[in-house]
Amino acid sequence: MESISELLAVRRQKLEALSVAGESPFGGRFDTDGGVAELRAGFVEGAGVRAAGRITAHRDMGKSHFLDISDFSGRMQIFLHAKEVGPERYAIFKHLDIGDWIGLEGECFTTKSGEPTLRVKSFKVLSKSLRPLPEKWHGVQDAETKYRQRYLDLIANPDSREKFRQRIAIVRAIRRFLEDRGFLEVETPMMQAIAGGAAAQPFQTHHNALGMDLFLRIAPELYLKRLLVGGFPKVFELNRNFRNEGISRRHNPEFTMLEAYWAFADFEKMAELVEEMVCHLAETICGGLRIEHKDADGQVTKTIDLTRPWKRARYADLIEEAVPGWGAMTSEERRARCGELGLDVSHYGEDFEVAQHVFEKLVEEKSINPLYVTHCPKELVPLAKQNVDDDTVVDVYELVINGQEISPGYSELNDPDVQRARLGAQSGGETQKLDEDFLNALEYGMPPAGGIGIGIDRLVMMLTGAESIRDVILFPHMRRRE
RNA sequence: GCAUCGCUAGCUCAAUGGUAGAGCAGAAGACUCUUAAUCUUUUGGUUCCCGGUUCGAGCCCGGGGCGGUGCACCA
């Protein structure tokens with residue numbers, strides 16, 4: 001007999017025994033006085049309490065039993081004695097396992113060792129667990145199991161629970177922060193006839209009734225700008241984007257993006273907004289402006305200091321700083337210099353692509369503390385206004401933290417003719433891809449505006465010390481098994 | 001796509017090419033304040049899959065699967 005079958009068989013036998021004894025193994029409604037961590041925190045000696053949770057530990061002392069019950073909020077100890085519940089209920093209790101959900105009613109008391117504990121007077125089986133839980137001390141270590149069976153990770157790994165609790169708090173706080181400043185949250189199409197607003201491979205689908213192909217959006221940008229045209233002064237959308245590209249530590253095919261637009265503002269005003277917001281999140285949710293990232297042994301590997309004001313620097317100056325003399329070099333000299341620095345730029349055709357590679361490797365990846373990069377080359381950003389003093393650069397910032405691009409911010413381009421030319425140049429003459437309705441909307445007049453995008457997953461990684469995007473996405477995409 | 005590392009009991013991990021082991025969980029027993037409870041006994045294996053080398057493969061070789069990491073890709 002295989003081991004797992006044996007473990008399952010034993011639990012099935014207990015399931016049967018519960019039914020025979022007249023105890024429903026899958027319970028029903030059970031009203032409690034709160035989550036277990038809340039009850040433990042609000043502990044009053046002698047008070048009667050109703051609680052429910054999953055049994056996560058069992059310490060057996062003859063006829064005295066100490067158990068931990070847990071829910072998403074935390075754990076609490078309960079004490080169950082044969083004398084307290086009577087022989088019939090005690091017999092039922094003997095059929096319980098670690099993993100089962102139970103509801104109980106009891107009285108608060110403190111043990112000799114000082115642990116707030118619930119003395120069980122009565123209990124009810126809420127759900128029998130038919131499979132054994134992961135190991136109590138090490139939890140689930142296997143990355144594949146954590147991602148494929150997130151529920152096991154959430155049951156067994158408190159660190160993981162905490163990261164998701166923080167993610168939820170961050171998303172909620174962002175919404176509140178923006179709403180408090182008059183931004184309206186909107187919902188725009190996720191299925192689009194033309195996947196615009198970024199340059200990425202889209203997922204394709206098909207609408208049968210309309211007989212047309214549609215794309216999952218790669219960005220909401222062009223629709224949010226239509227709303228600026230329509231008169232919305234401050235809008236944001238915080239939801240999923242889809243990009244049909246590689247999966248990595250930093251990429252999931254569907255990811256969460258915040259985009260916000262503010263009429264009559266510019267990229268610098270948006271930078272102020274983002275700086276204020278991220279610091280607010282760090283202080284209220286992550287315990288302060290110094291964010292520590294730790295390795296598996298708990299050793300601090302890096303500390304991100306979010307103290308304001310954040311550094312601001314021009315794109316060209318940062319490259320010059322990384323590679324002295326860059327600005328005065330010819331195209332050939334730059335490529336040669338890249339070779340000396342160990343950077344492979346052979347597959348880049350354009351000069352700005354070579355520079356961008358240098359920027360990514362020598363500036364972005366090395367920037368741990370916040371850095372606003374401004375005056376970026378216009379080729380990189382087709383949807384932003386050109387700078388009035390230097391038409392080779394655009395009025396944008398790129399916010400880099402933790403070696404990753406966290407947020408771009410623009411002074412949005414609102415000249416329809418310039419916009420058409422820039423998008424046309426980007427699509428390489430494939431006029432089919434131009435979103436004519438968007439350009440048409442611009443011709444009605446879009447107010448000058450500041451706009452931002454923030455990759456929420458990467459922001460949460462930065463704020464919670466997660467090294468992989470999969471650690472902040474509940475159900476990351478995996479290759480199908482079998 | 002390329003490179004590299006990994007896959008052993010339900011979970012966490014061991015195992016010079018020579019009888020696959022431990023801890024936890026499970027089962028049986030002892031114990032009325034334990035908290036990684038303790039103590040005694042004990043069940044549990046398609047070593048990811050297929051093939052090869054060998055007297056003999058968890059281990060070596062080839063192919064495949066899944067996963068981690070890096071590179072490539074990615075405004």
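Chain A is the first sequence line, chain B the second, and so forth, proteins listed ahead of strands; every chain is numbered from 1.
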What's the closest nucleotide to the A:Asp60 side chain, out of B:A72, B:U69, B:C31? B:C31
Side chain of A:Lys361 only, heavy atoms from C-beta on: which candidate in B:A72, B:C33, B:U12 is closest? B:A72
Taking only Lys NZ, Arg NE, NH1 and NH2, and the carboxylate oxygens of Asp or Glu, determine whether A:Glu115 and A:Arg75 approach each other closer than 4.0 Å. yes
Before accepting this row, confirm whether a basic side-chain N of the pair A:Glu254/A:Arg240 lies closer than 4.0 Å to the acidic partner's carboxylate O. yes
For a quick test of reading the model, state the closest non-hydrogen atom pair linking A:Phe164 to A:Val472 and the distance between them. CE2-C, 3.4 Å
Between A:Phe66 and A:His58, is the ring centre distance below 6.0 Å? no
Under a 4.0 Å N-O cut-off, is there an ion pair linking A:Lys385 with A:Glu412? no
Would you indicate which nucleotide in B:A72, B:A27, B:U32 comes nearest to any side-chain atom of A:His357? B:A72
Is any side-chain N or O of A:Glu115 under 3.5 Å from a base N or O of B:U34, one able to act as donor and the other as acceptor? no
Using 4.0 Å as the upper bound for N to carboxylate O, is an ion pair formed by A:Arg150 and A:Asp153? yes
Inter-nucleotide P distance (B:A22, B:U41), Å rounded: 12 Å
Minimum-distance nucleotide to A:Lys14 side chain [options: B:U43, B:A27, B:C13]: B:A27
With heavy atoms under 4.0 Å as the rule, sort A:Arg75 into base, sugar-phosphate or nothing. base
Side chain of A:Lys83, base of B:U32: donor and acceptor closer than 3.5 Å? yes
Among B:U32, B:A36, B:G26, which nucleotide has an atom closest to any side-chain atom of A:Met61? B:U32
For A:Gln141 and A:Glu245, take the nucleotide of RNA chain B holding the closest heavy atom to each; which residue's nucleotide lies nearer the 5' end? A:Gln141
Are A:Lys136 and B:A36 close enough that a side-chain N or O sits under 4.0 Å from OP1 or OP2? no
Nearest of B:C66, B:A27, B:U34 to any side-chain atom of A:Thr111? B:U34
Quick check: on RNA chain B, is the nucleotide nearest A:His58 upstream (toward 5') of the one nearest A:Thr110, or the reverse? Name the residue that is more 5'. A:Thr110
Check the phosphate of B:C33 against A:Arg59, side-chain N and O only, distance under 4.0 Å to OP1 or OP2. Yes or no? no
Pick the P atom in B:C39 and in B:U4, then give their distance to the nearest Å. 46 Å
Check whether any side-chain N or O of A:Arg11 sits under 4.0 Å from OP1 or OP2 of B:A25, and answer yes or no. no
Consider the side chain of A:Arg249, meaning its heavy atoms from C-beta on, and name the nucleotide among B:G67, B:C11, B:G70 that approaches it most closely. B:G70
What's the gap between B:A20 and B:U46 when it is taken at their C1' atoms, as a whole Å value? 14 Å
Using the C1' atom as the reference point in each nucleotide, state the distance between B:A15 and B:G51 in Å, no decimals. 25 Å
Does A:Asp97 pair with A:Lys14 as a salt bridge, N-O distance under 4.0 Å? yes
Sticking with atom C1', work out how far B:C49 lies from B:G67, rounded to a whole angstrom. 15 Å
Mate of B:G6 where both pairing distances stay under 3.5 Å, Watson-Crick or G-U: B:C66
When we call it a touch if two heavy atoms are under 4.0 Å apart, what does A:Pro382 touch: a base, just sugar-phosphate, or nothing? base
Please tell me which of the listed nucleotides, B:C33, B:C74, B:U32, lies nearest to the side chain of A:Phe109? B:C33
With the side chain of A:His251 defined as its heavy atoms from C-beta on, choose the nearest nucleotide among B:C74, B:C73, B:C24. B:C74
Give A:Arg148 one of three labels, base, sugar-phosphate or nothing, depending on what nucleic acid heavy atoms sit under 4.0 Å from its own. sugar-phosphate
Taking the same atom, C1', in B:C59 and in B:U53, what whole-Å distance lies between them? 14 Å
In whole Å, measure the gap between the C1' atoms of B:A37 and B:U32 for me. 14 Å
Out of B:U34, B:C74, B:C66, which nucleotide sits closest to the side chain of A:Arg479? B:C66
Quantified in whole Å, what is the P atom distance between nucleotide B:U16 and nucleotide B:G21? 14 Å
